[in-house]
Peer 1: 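Before we start, here is the structure in question, set down as structure tokens.
Here the structure is a predicted model, which means the values were calculated and not measured. Order of the sequence lines sets the chain letters (A, B, ...), proteins ahead of strands, with each chain counted from 1.
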Amino acid sequence: MTTNRDAPTRVVGAAVRDATPVVFAYTPFGLALGATLAATHLSPLVAWSSSPLLFGGAAQLLAVQLLDAGASAVLVVLGALVVNARMLLYSAALAPHTAAWPARWRWLGAYLLADPVYALAITRFTGPDEDGPRERLRYYFTVGLVMWPAWMALTGAGVLLGGALPASLRLDLAAPLTFLLLLLPMLTSRPAYAAAATGGALAVVTSGLPWGLGLLAGAAAGIAVGGYLGGRHD
Amino acid sequence: MTELLTLAAIGLGTYAMRAAFLVTAQRQPPAAVARLLPYVGPAVLAAIAAPAFVAPHGTIAVADTAPALVAATVAWLAWRRLRRNLPIALFGGLAAWWVASWAVTAVQATS
């Protein structure tokens, strides 16, 4: 399947088809984040530069809000890096699927490794398609090149529209709903359900911890429970 | 300027974490690690999303929690029933949230 001649076009098409609805799903979150960025005392351009610099909404939101509140630079960097520590896990989970790529593509691909890119890529790479390394590379970068400009444009539009978005248009639940919908395709086994249930429950219980440490606690516990149950099922 | 440098430092740190395993690629991670990797996505995404549904403003309050949980349920059901259509599930969830929030406010106002 992976060697026939129209495979590249097919993989690129599949990536565009998979990524486009995710862009739609991210629209409310991106606009709301942009409006929040614009509402801080930071200059709009500096606030928006968090999009190309960080390419990840959760850490952007935390960093810019902490900066706006006058927190020290060290504290802001630490907090945002704790929130983004999940990228280490994404990197580890994706590495076996990208090991055969040329090094420069892996260096470049690392920049694009945001939540939705990870979620789409890992769902595809562990699914029934059995792509080879070249198809996986095409899929990954096509998804990245759809998501990246879209995120720059959405957050930019949010900054520009800022106050023009009606206050009654509440979008704050758009972000968690988007994460929920990225999660659902990953629930393919009992241990995966257990990992999600444990991670979610512990993150709720520990949500009072500073710097997003609750997220890390939940994630660690969920991964451990999933691994334990997955091992028993083997 | 300090603010831009702070954001740049976060960007560098984030890039380092994203690159950590990708660029040192070993074809096979150690077996003990490999067994855990499939659960990274479910555990992390649930840990991000769940607190926002259960305690949207940091605490559990019926007026906030109930509409958010209704939204999550509607989005989940819509995704399952409607051929995994992401935008419909998302906007269905948001619409359910608006309606449920309005209903809770209305009920509280009359009681």
Side-chain angles (χ1 to χ4, degrees), chain A residues 21-22 24-25 42 46 49-50 53-54 59 63 67 73 76-77 80-81 84 86-89 91-96 98-99 106-107 109-111 113 119 122 173-174 176-184 186-187 191-192 195-196 199-200 203-204 207 215 218-219 222-223 226-227 230-231, chain B residues 2-11 13-15 17-29 33-56 58 68 71-72 75-76 79-80 84-87 89-91 93-94 97-98 101:
Chain A
V22 179
F24 274 106
L42 276 68
V46 169
S49 74
S50 63
L53 288 170
L54 273 59
L67 282 173
V76 179
V77 173
L81 288 184
N84 268 354
R86 67 186 186 283
M87 302 300 166
L88 271 176
L89 300 173
S91 183
L94 208 58
T98 62
R106 284 182 273 129
W107 283 102
Y111 171 66
L113 188 55
I122 204 73
L173 210 65
L177 280 172
T178 307
F179 284 111
L180 172 70
L181 292 168
L182 291 176
L183 160 68
L184 293 177
M186 297 181 183
L187 299 178
V204 167
S207 61
L215 193 166
I223 292 167
Chain B
T2 320
E3 287 150 351
L4 190 59
L5 287 176
T6 307
L7 292 173
I10 299 168
T14 301
Y15 178 76
M17 293 193 285
R18 283 169 168 162
F21 293 94
L22 283 187
V23 298
T24 57
Q26 299 169 335
R27 258 157 223 274
Q28 294 298 330
V33 177
R35 230 181 46 214
L36 298 176
L37 294 180
Y39 309 108
V40 168
V44 172
L45 292 174
I48 297 178
F53 289 120
V54 179
W76 192 324
W79 181 82
R80 280 184 58 160
R84 309 190 158 201
N85 185 315
L86 209 62
L90 179 95
F91 289 104
L94 270 182
W97 182 54
W98 292 328
S101 300

Peer 1: CG of A:L89 to CE of B:M17: how many Å apart, nearest 0.5 Å?
Peer 2: 10.0 Å
Peer 1: Under a 4.5 Å heavy-atom cutoff, which of B:L36, B:T2, B:V33, B:L86 has the most pairs with chain A?
Peer 2: B:L86
Peer 1: Highest number of heavy-atom pairs under 4.5 Å with chain B: which of A:A59, A:G226, A:G227?
Peer 2: A:G226
Peer 1: Identify the two heavy atoms, one from A:L88 and one from B:F21, that lie closest to each other, and give their separation to 0.1 Å.
Peer 2: O-CD1, 3.5 Å
Peer 1: Can you tell me how far apart CD (B:E3) and CG (A:L42) are? Round to the nearest 0.5 Å.
Peer 2: 4.0 Å
Peer 1: With a 4.5 angstrom heavy-atom cut-off, which part of A:S207 approaches chain B: side chain, backbone, both or neither?
Peer 2: side chain
Peer 1: What residue, out of A:A80, A:G222, A:G200, A:G218, has the most heavy-atom pairs lying under 4.5 Å from chain B?
Peer 2: A:G200
Peer 1: Can you name the nearest heavy-atom pair linking B:L94 to A:A174, along with the distance?
Peer 2: CD2-N, 4.0 Å
Peer 1: Please list, chain by chain and in numerical order, all residues satisfying side chain to side chain donor-acceptor pair (under 3.5 Å) with A:S91, sequence neighbours excluded.
Peer 2: none
Peer 1: Is there a side chain to side chain contact (heavy atoms under 4.5 Å, CB included) between A:L53 and B:I10 once you walk through the steps?
Peer 2: CA-CA 8 Å; A:L53 288 170; B:I10 299 168; over 6 Å; no
Peer 1: Run the side chain to side chain contact (heavy atoms under 4.5 Å, CB included) test against A:A110 and tell me which residues pass, sequence neighbours left out.
Peer 2: B:Y15, B:R18, B:A19, B:L22
Peer 1: Between chain A and each of B:P56, B:S101, B:A72, B:A34, count heavy-atom pairs under 4.5 Å; write down the option with the most.
Peer 2: B:A72
Peer 1: Search all heavy atoms of A:L181 against all heavy atoms of B:A89 and return the closest pair with its distance.
Peer 2: CD2-CB, 3.8 Å
Peer 1: Only pairs of heavy atoms separated by less than 4.5 Å count here; which of A:L183, A:L182, A:V76 has the most with chain B?
Peer 2: A:L183
Peer 1: Grab the two heavy atoms, one from B:A71 and one from A:L177, that are nearest each other, plus how far apart they are.
Peer 2: O-CD2, 3.8 Å
Peer 1: Assess whether atom OH of A:Y111 is packed by more than 12 heavy atoms of other residues, nucleotides or ligands within 6.0 Å.
Peer 2: yes
Peer 1: As an exercise, state the distance from CG of A:L184 to CH2 of B:W79, rounded to the nearest 0.5 Å.
Peer 2: 5.0 Å
Peer 1: Taking all atoms of both residues into account, what is the closest heavy-atom pair of A:A195 and B:Y39, and its distance?
Peer 2: CB-CB, 3.8 Å
Peer 1: At a heavy-atom separation under 4.5 Å, does B:V40 approach chain A through its side chain, its backbone, both, or neither?
Peer 2: both
Peer 1: If you count heavy-atom pairs under 4.5 Å between each of B:I48, B:V54, B:L5 and chain A, which one has the most?
Peer 2: B:I48
Peer 1: Please report the interatomic distance CG(A:L67) to CG(B:L4), rounded to the nearest 0.5 Å.
Peer 2: 10.5 Å
Peer 1: Heavy-atom pairs under 4.5 Å with chain B: which of A:L173, A:V204, A:I122, A:N84 has the most?
Peer 2: A:L173
Peer 1: B:G13, B:A43, B:A46: which one forms the most heavy-atom pairs within less than 4.5 Å of chain A?
Peer 2: B:A43
Peer 1: Quick one: what part of A:L187 sits under 4.5 Å from any heavy atom of chain B, side chain, backbone, both or neither?
Peer 2: side chain
Peer 1: Looking only at non-hydrogen atoms, find the nearest pair between B:T14 and A:M87 and report the distance.
Peer 2: CG2-CG, 4.3 Å
Peer 1: Could you have a look at B:G11, B:A49, B:P42, B:A50 and say which one has the most heavy-atom pairs with chain A under 4.5 angstrom?
Peer 2: B:P42
Peer 1: Tell me, out of A:A203, A:A73, A:A92, A:A25, who's got the most heavy-atom pairs with chain B below 4.5 Å.
Peer 2: A:A92
